[in-house]
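Here is the naming used below: chain letters follow the sequence lines, and residue numbers restart at 1 for every chain.
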Number of protein chains: 2
Amino acid sequence: MRKPQPDSPTKRKLLAAAQNLMLAKGFTATTVDDVCESARLTKGSFFHYFETKEALGKAVLDRYVSTMFQAIQDAPFLKKDDPLQRIYGYVDFLIEMSRNPAKQSGCLLGTFSQELSDTHPGIRKTCAQHFARWAEALRLDIASAKAKHAGRKRWDPAALAEHIIIVVEGSLILARANQNYGVVERNLKQLKQYMNGLFGR
Amino acid sequence: MRKPQPDSPTKRKLLAAAQNLMLAKGFTATTVDDVCESARLTKGSFFHYFETKEALGKAVLDRYVSTMFQAIQDAPFLKKDDPLQRIYGYVDFLIEMSRNPAKQSGCLLGTFSQELSDTHPGIRKTCAQHFARWAEALRLDIASAKAKHAGRKRWDPAALAEHIIIVVEGSLILARANQNYGVVERNLKQLKQYMNGLFGR
DNA sequence: ATTGTCATACCAACCGGTAGGTATGCAAAT
DNA sequence: ATTTGCATACCTACCGGTTGGTATGACAAT
């Protein structure tokens, strides 16, 4: 009676609607009715696919992260041979994204961490794991870039990976408050200055 | 009938309770009942002092910011004569704050910006103004520090001011997700490295 | 081809509880 | 006597979630 298909067009519509709403209003302020109305479905069918609202939240988070991950995996800069070029390409890619008005909506990982870390420990944990994966992916390239171009210097690749992430998240907050995503570009460029120092340019 | 005193012990209790709750759970997830229970008062008296929940939000935000502002104004590093020492002192002060377990609760400015920028334009604007004031205060010291110690270099003091802020806000997000405020210290130290470059050390 | 079976997909109506907010009363202070 | 501080009681809308049901399609057995 209640074994919905794990992936159906309807479920995807619900997830897409929820993602948009939650990026705009956050998790708590987004109601199940909102999601249903936006997806042009009814609450009955919503709860056919999701046991609780929290389950929806987790699903949206996973969907968001894997979408991002995919977008990066498909980006051209990842094909560069030199890891240092990949790292700088990464930051430039983020800058380009921040210029795209369609993507000027903040990071779900950041917003969920902030509003749910105290009330929804499960979601908080999921956020932390996604952050850790993100940092680890960055760390790998940073470590080889360092080995190749800055072997002598003494600094921790993991720390730079973390720093890139927090610069992104912090810029997004300020961009949102100011309703101006130029903040992101400005600060990613300063991050590149900092990286120049680390890699000895 | 409804002209409450602008500042009374009761109102302060409500504000303090609301600030703690909203730092932990955010604005939306904090209910008026929560606030009343935490302040050991009833809803009747709550609405004696605040016309709406949104008015409470703005009041809490103002209170939070002016508390922070005061804490900084009273800090010893501001007495230094050299503006460069004041800037570095500022960052060190933030590091010390991040070590204090009592203050490991995020920044209301950041959380409100994220969850309310789309739904409560008034609060969003207030946040943006507070951010701007914060940045301006930093910019002044940075500009004189630059004039004194790095007059030749070409970079914008306003950009560094903004960068300091976004590093703080970004670190706080990650710290929250990881439930570990060492993140803040690590990234403020990297920020200092970046500043060393700018000021030509 | 027809029928019966069974699982999934989706909906309209509803439920208990709680959200923000109001009406009102009354004691203390001015 | 009026104003202020705070409480009790209550209202309406809406919250997340449930219920009972219908529609649809796949697959057999006939």
Worked check of salt bridge (charged side-chain N to carboxylate O under 4.0 Å, His left out) between A:Asp34 and A:Lys25: CA-CA 11 Å; A:Asp34 280 344; A:Lys25 310 198 288 179; 2.8 Å; yes
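The interatomic distance linking B:Arg12 (CZ) with D:dC6 (P) rounds to 12 Å, in whole Å. Remark: P of C:dT22 and CZ of B:Phe50 are 15 Å apart, rounded to the nearest angstrom. Residue B:Asp33 contributes atom CG, which lies 10 Å from atom P of C:dT18 at whole-angstrom precision. One can place CZ of B:Phe47 at 14 Å from C1' of D:dC10, the figure rounded to the nearest angstrom.
The phosphate of C:dA9 (OP1 or OP2) has a side-chain N or O of A:Gln5 nearer than 4.0 angstrom. The phosphate of C:dC10 (OP1 or OP2) has no side-chain N or O of A:His48 nearer than 4.0 angstrom. Distances shorter than 4.0 Å separate none of the side-chain N or O atoms of A:Tyr49 from OP1 or OP2 on C:dT8.
Within the nucleic acid shown, A:Phe46 has no heavy atom closer than 4.0 Å to any nucleic acid atom. Backbone-only engagement by A:Thr10 is indicated by non-hydrogen atom pairs under 4.0 Å involving sugar-phosphate atoms exclusively. In this structure, B:Ser8 reaches neither bases nor backbone, as no heavy-atom distance under 4.0 Å exists between it and the strands shown. B:Thr28 comes within contact range of no nucleotide atom at all, as no heavy-atom separation falls under 4.0 Å.
Taking the side chain as every heavy atom from C-beta outward, A:Val65 and A:Phe131 never approach each other to under 4.5 Å. Between A:Thr119 and A:Thr28, the closest side-chain pair of non-hydrogen atoms is not below 4.5 Å.
Residues forming a ring-ring contact (aromatic ring centres under 6.0 Å, His included) with A:Tyr64 (at least two apart in sequence, or on another chain): none.
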Could you list all N or O pairs between the protein and nucleotides 11-15 of chain C that sit under 3.5 Å apart?
{"from": "C:dC11", "atom 1": "OP2", "to": "A:Thr42", "atom 2": "N", "distance (Å)": "3.3"}
{"from": "C:dC11", "atom 1": "OP2", "to": "A:Thr42", "atom 2": "OG1", "distance (Å)": "3.3"}
{"from": "C:dC11", "atom 1": "OP2", "to": "A:Ser45", "atom 2": "OG", "distance (Å)": "3.1"}

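Note that B:Lys11 lies in the cation-pi zone of B:Phe50, set by a 6.0 Å cut-off to the ring centre and a 45° limit from the axis. Figure legend: A:Lys53 and A:Phe46 shown without cation-pi pairing, the cationic atom not lying both under 6.0 angstrom from the six-membered ring centre and within 45 degrees of its axis.
Between B:His163 and A:His163, the ring planes are perpendicular. Angles over 60° get that label, and only those under 30° would be called parallel.
Using a 4.0 Å cut-off on heavy atoms, none of the residues of residues 116-124 of chain A approach DNA chain C.
Defined by atom type and a distance below 3.5 Å, a donor-acceptor pair is missing between the side-chain atoms of A:Tyr181 and A:Asn100.
For the salt bridge (Lys or Arg N to Asp or Glu O under 4.0 Å) test with A:Arg86, the passing option among A:Asp92, A:Asp81, A:Asp141 is A:Asp141; the others fail.
Taking the nucleotide of DNA chain D with the nearest heavy atom to each of B:Lys11 and A:Val32, the more 5' of the two is matched to B:Lys11. Residue whose closest nucleotide on DNA chain D sits further toward the 5' end, between A:Glu51 and A:Asp34: A:Asp34.
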